[in-house]
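Working notes, structure below.
We name chains A, B, ... by the order of the sequence lines, and we start the count at 1 in each one. Because the structure is a prediction, the values reported are computed rather than measured.
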There are 2 protein chains.
Amino acid sequence: MSTVQEFRETCHRHGLAATHQRQVIFEAVMALHGHPSPEAVFEKVQKKIPSISLATVYKNIRTFLDSGILREVSVHHGSLRVEANHRPHHHFVCTNCKTILDLPEEEFGPVQLRHKLPRGFQVQKFVVDVVGLCPKCSTQRKSFSKENQEKQPC
Amino acid sequence: MSTVQEFRETCHRHGLAATHQRQVIFEAVMALHGHPSPEAVFEKVQKKIPSISLATVYKNIRTFLDSGILREVSVHHGSLRVEANHRPHHHFVCTNCKTILDLPEEEFGPVQLRHKLPRGFQVQKFVVDVVGLCPKCSTQRKSFSKENQEKQPC
DNA sequence: CTAGATGCAAACAGTTTGCGTCACT
DNA sequence: AGTGACGCAAACTGTTTGCATCTAG
């Protein structure tokens, strides 16, 4: 998915109009070291399309996320979440209701890197998120059709 | 760290005044299933101290985070980050400059749960964040004294 | 030609800040 | 008594929405 033609096809496959703005927004994401913020994308795109609106960038990023053309880096809900559990642990995160559950570190086998990271990197810890559906959301999925499944908190 | 006395001692150890508000805010975090948002904490605390200000809750949560009394659940920067890399991979996250780097999944040994999760949980994937310092921030730490180390993007 | 995309401004949510008053040590 | 915490309102940042206009299919 790198040439102009490929991107147009990707859009059509997802039922999206292949507009100039979308093309340039997507190229900007690719060019920006891999994990840009919407603001960063906006600034990059502005150089090619000075008249572009920040709202258009947000709308399209959302559209790309919803259709799977782009991914969100963090699996966590946008707002700050805080915890007091000081024992080493990881988290289970429900993709539907965003519920977070602690999983004690002892529940996991050792997490290991096969090779050392390049010189200069200092590893402090491994953080694991087990992503999936919690029991409540899991049963909802079984009993309702896909169309009726609103993503919502339990 | 559960009784009133323990919390007061914790505050004093960190050079913080052990105010009633702090006590109740901390208790609320403990009571709220482990990972509440500031808003949720505020609502809970309001029931005990109707006159409390949302700003006070935010200020104290920040204070608790800075002094290590509480932890932030997500290791990622607050604003949305987006990526186009569709190959399975995990991330390296620099605690200082928040830079994110892709690490191909093949670089990791298998992530495993020693026991199954309780009935009803559906696991979709494991997401690993390797947390530490990138080379730039790593060398900064060596050459400057702790006092001068402002947390800032590279 | 028409559904959907764009651009603008206004609205919103989450979070921080400035400042006068109050309370812990 | 003095430093730091509180409460309030205002400011700010990141994101979404309503609506009129425009454009890809």
* To do: Taking only the side-chain nitrogens and oxygens of B/Arg8, find out if one of them lies under 4.0 Å from OP1 or OP2 of C/dT25.
  => yes

* Asked: For A/Leu80, which contact category applies under a 4.0 Å heavy-atom criterion: base, sugar-phosphate, or nothing?
  -> sugar-phosphate

* Asked: Can you tell me how far the CE atom of A/Met30 sits from the NZ atom of A/Lys44, to the nearest 0.5 Å?
  -> 12.5 Å

* **Flag for A/His35-B/Asn85: side-chain donor and acceptor within less than 3.5 Å** => no

* Asked: Starting at the 5' end of DNA chain C and moving along, which residue's nearest nucleotide shows up first, A/Gln21 or B/Pro38?
  -> A/Gln21

* To do: Identify which nucleotide among C/dT15, C/dA5, D/dC8 has an atom closest to any side-chain atom of B/Tyr58, counting heavy atoms from C-beta outward.
  => C/dT15

* Just call it for B/His20: base, sugar-phosphate, or nothing, with non-hydrogen atoms closer than 4.0 Å on any strand. => nothing

* To do: Would you mind reading off the distance between B/Ile25 atom CD1 and D/dC6 atom P, rounded to a whole angstrom?
  => 7 Å

* **Reported CG-to-CD1 distance for the pair B/Leu16 and B/Ile69, which is rounded to 0.5 angstrom** => 5.5 Å

* Are any side-chain N or O atoms of A/Ser138 and backbone N or O atoms of B/Gly120, one a donor and one an acceptor, separated by less than 3.5 Å? -> yes

* Rounded distance in Å - CG (B/Asp66) to C1' (C/dT16) -> 13 Å

* Asked: Roughly, in whole Å, what's the span from CG in B/Leu16 to P in D/dC6?
  -> 10 Å

* Structure fact -> When rounded to whole Å, the CD to P distance for the pair B/Glu9 and C/dC24 reads 18 Å

* To do: Measure from CG on B/Asn60 to C1' on D/dG4 and round the result to the nearest Å.
  => 11 Å

* Asked: Between A/Ala17 and B/Ser79, who's closer to the 5' end of DNA chain D by nearest nucleotide?
  -> B/Ser79

* Is there a donor and acceptor pair closer than 3.5 Å between the side chain of A/Lys59 and the base of C/dG4? -> no

* Could you check how far CD1 of B/Ile49 sits from P of C/dC22, rounded to whole Å? => 17 Å

* Asked: So with a 6.0 Å cut-off around NE2 of B/His33, is the heavy-atom count from everything else above 12?
  -> no

* With heavy atoms under 4.0 Å as the rule, sort B/Ser51 into base, sugar-phosphate or nothing. => sugar-phosphate

* To do: Measure from CZ on A/Arg62 to C1' on D/dT15 and round the result to the nearest Å.
  => 9 Å

* Could you please name the option among C/dT15, D/dG7, C/dG7 that lies closest to any side-chain atom of B/Ser53? => D/dG7

* Structure fact -> On DNA chain D, more 5' by nearest nucleotide between A/Thr19 and B/Ile52 is B/Ile52

* To do: Return the value, rounded to whole Å, for the distance between atom CD of B/Glu39 and atom C1' of C/dA13.
  => 9 Å

